[in-house]
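Step one of this worksheet: look at the structure below.
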Amino acid sequence: MKESSAAAELVLAAAAEEDARGLPERLCEVLCTALPVDGATISLLTDTPDRQLLHACGESALRLEEIQFTLGEGPCVTAAATGRVQIVSDLHGRLTQWPIFGAAARQELQQVGAVYAFPMTDGGGEPPLGSIDLLRYEPWEPDDETVRECVRATRAATVALLTAPSALPWNPTPMMDAHWGRTHRAAGGLSQETGVPVAEALARLRADAFVTGRPLPEIAEETLARLRGGRRGGGSADDGHGR
C-alpha cells in the first residue's frame, strides 16, 4: 500500500489488536469511526455465486447487503466485478444504474441516503476480493479528497484481511453464516437435486425471494428443510459442511 492516511492508520491499528476472530467486526467499526459514514460492510467474492458477507455494522447495512445478494446487482456487486469505486450520493434522489436494486432500496432502505462501494484491493493490480460498502443516513456527495481517503482506508482493511490468519476471512459469525453460508448450501443441495449448475440454483432461490417478497435466508432454510426431509436415512443437505 503506497499511500497512507489518518484513516488508514486507524484501520491498521485496529487490525493489530490480538483478538483475530473479531477482525471483520473491528474493521467495520473503525471505518465508521475514521470516515464520515454511518455504516460499513465487508463482503468477499461479491461477483460470484460464492459471495460471503464477513460483517455488517447495523441493521441498515445488513439489509443493504441482503438486497444486493438477493437481486445479484447493486453498487457492491459492480465494485467487485469492475474494480471501480461506485458512488451513489443520493439513493432516493435519482435513478441508479441498477434499476431493480434502486427500486428495492427506495422501498426498504428509506433511512439510507447514500452508498459508496469500494473494491477490496491492495492496489497491486490483482482482481478484487470483493467489496466494502459504506453508507450514510443523509445524502452526501463526497469530494475527491474524501473519496481518496476512503480508498486508502478500505485498502488498509483489505491488507489487514490478507495478512490475517488464513482461516479468519472464511469463518463468518453465526449470524453471517445464517444469511449467506446456508443460502449457498441450499443452492448446492438444489443443484444436486435438479442437475442444474449451482449458479442457476442460486438464481432460482433469488427469483423465488424476489417474486414472493420474502427474505432469501427464509427461502434457503425452507429448501434445506425440504432437502433434509427427502434424504431421511441417507444424510442431510448439510452433510460434509461441519454445520
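Positions are given from 1 along the sequence. This one's a predicted model, so the numbers in the text were calculated from it and none came from an experiment.
His92 places a side-chain N or O within donor-acceptor distance of the main-chain N or O of Val112, the cut-off being under 3.5 Å. A donor-acceptor pair under 3.5 Å links the side-chain atoms of Arg106 to the main chain of Gly102, judged by distance alone.
Looking at Leu135 and Val37, their side chains never come closer than 4.5 Å, going by heavy atoms from C-beta outward. By the 4.5 Å heavy-atom criterion applied to side chains, Ser89 and Trp140 are not counted as neighbours. Leu31 is listed as a side-chain neighbour of Ile132, based on a closest heavy-atom distance under 4.5 Å. Two residues are said to be in side-chain contact when any heavy atoms from C-beta on lie closer than 4.5 Å; Asp133 and Gln68 meet this criterion. Using a 4.5 Å heavy-atom threshold, the side chains of Ile87 and Glu141 count as touching. Contact check for Leu129 versus Thr121: no side-chain heavy atoms found under the 4.5 Å cut-off. With a 4.5 Å cut-off on side-chain heavy atoms, Ile42 and Leu161 count as touching. Side-chain contact between Gln97 and Glu73 is absent, with no heavy atoms from C-beta onward closer than 4.5 Å.
Ionic pairing of Glu145 and Arg152 is present here: one or more N-O contacts between side-chain nitrogen and carboxylate oxygen are shorter than 4.0 angstrom. The existence of a salt bridge linking Arg185 and Glu221 is excluded, since no basic side-chain nitrogen approaches an acidic carboxylate oxygen closer than 4.0 Å. The existence of a salt bridge linking Arg26 and Glu29 is excluded, since no basic side-chain nitrogen approaches an acidic carboxylate oxygen closer than 4.0 Å. Here Glu200 pairs with Arg204 in a salt bridge; the nearest charged N to carboxylate O distance falls below 4.0 Å.
Contact detail for Leu35 and Glu149: the closest heavy-atom pair is CD2-CG, 3.9 Å. Across Pro128 and Gly83, no two heavy atoms sit closer than the pair CG-CA, 3.7 Å.
How far CD of Gln111 is from CD of Glu59: 10.0 Å, rounded to the nearest 0.5 Å. Rounded to the nearest 0.5 angstrom, Leu27 CG and Thr154 OG1 are separated by 11.0 Å. The structure places CD of Glu218 at 10.0 Å from CG of Asp208, a figure rounded to the nearest 0.5 Å. The distance from the CG atom of Leu227 to the CD atom of Gln192 is 8.5 Å, given to the nearest 0.5 Å. Taking CG from Leu109 and CG from Leu64, the interatomic distance works out to 6.0 Å, rounded to the nearest 0.5 Å. Atom-to-atom distance recorded for Cys150:SG and Phe118:CZ is 4.0 Å, nearest 0.5 angstrom.
Heavy atoms from other residues, nucleotides or ligands lying under 6.0 Å from CZ of Arg84 number 12 at most. Shown here is Glu138, whose CD atom has no more than 12 heavy atoms of other residues, nucleotides or ligands within 6.0 Å.
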> So Cys76 and Phe69, side chain to side chain contact (heavy atoms under 4.5 Å, CB included) or not? Walk me through it.
Replying inline: CA-CA 9 Å; Cys76 170; Phe69 182 54; over 6 Å; no
>> side chain to side chain contact (heavy atoms under 4.5 Å, CB included), that's the test. Do Ile219 and Arg214 meet it? Break it down for me.
In response: CA-CA 7 Å; Ile219 300 292; Arg214 298 165 60 203; 3.4 Å; yes
>> Applying side chain to side chain contact (heavy atoms under 4.5 Å, CB included) to Leu53 and Glu66, what does each step give before you reach the verdict?
In response: CA-CA 9 Å; Leu53 180 70; Glu66 287 179 335; over 6 Å; no
>> Between Thr41 and Cys57, does the side chain to side chain contact (heavy atoms under 4.5 Å, CB included) criterion hold? Intermediate values first, please.
In response: CA-CA 6 Å; Thr41 70; Cys57 278; over 6 Å; no
>> Let's go through Ser43 and Glu65 carefully: what are the C-alpha distance in whole Å and the side-chain angles of both, what is the deciding distance for side-chain hydrogen bond (donor to acceptor under 3.5 Å, both in side chains) to 0.1 Å, and is it a yes or a no?
In response: CA-CA 8 Å; Ser43 302; Glu65 296 308 301; 3.3 Å; yes
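Side-chain atoms of Gln86 and Thr78 form no donor-acceptor pair, as typed in the model, at a separation below 3.5 Å.
Both Val85 and Tyr116 are part of a single hydrophobic cluster, where members link through side-chain heavy atoms under 4.5 Å apart. Val11 and Val147 fall within a single hydrophobic cluster, where Ile, Leu, Val, Met, Phe, Trp and Tyr side chains are chained together by heavy-atom contacts under 4.5 Å.
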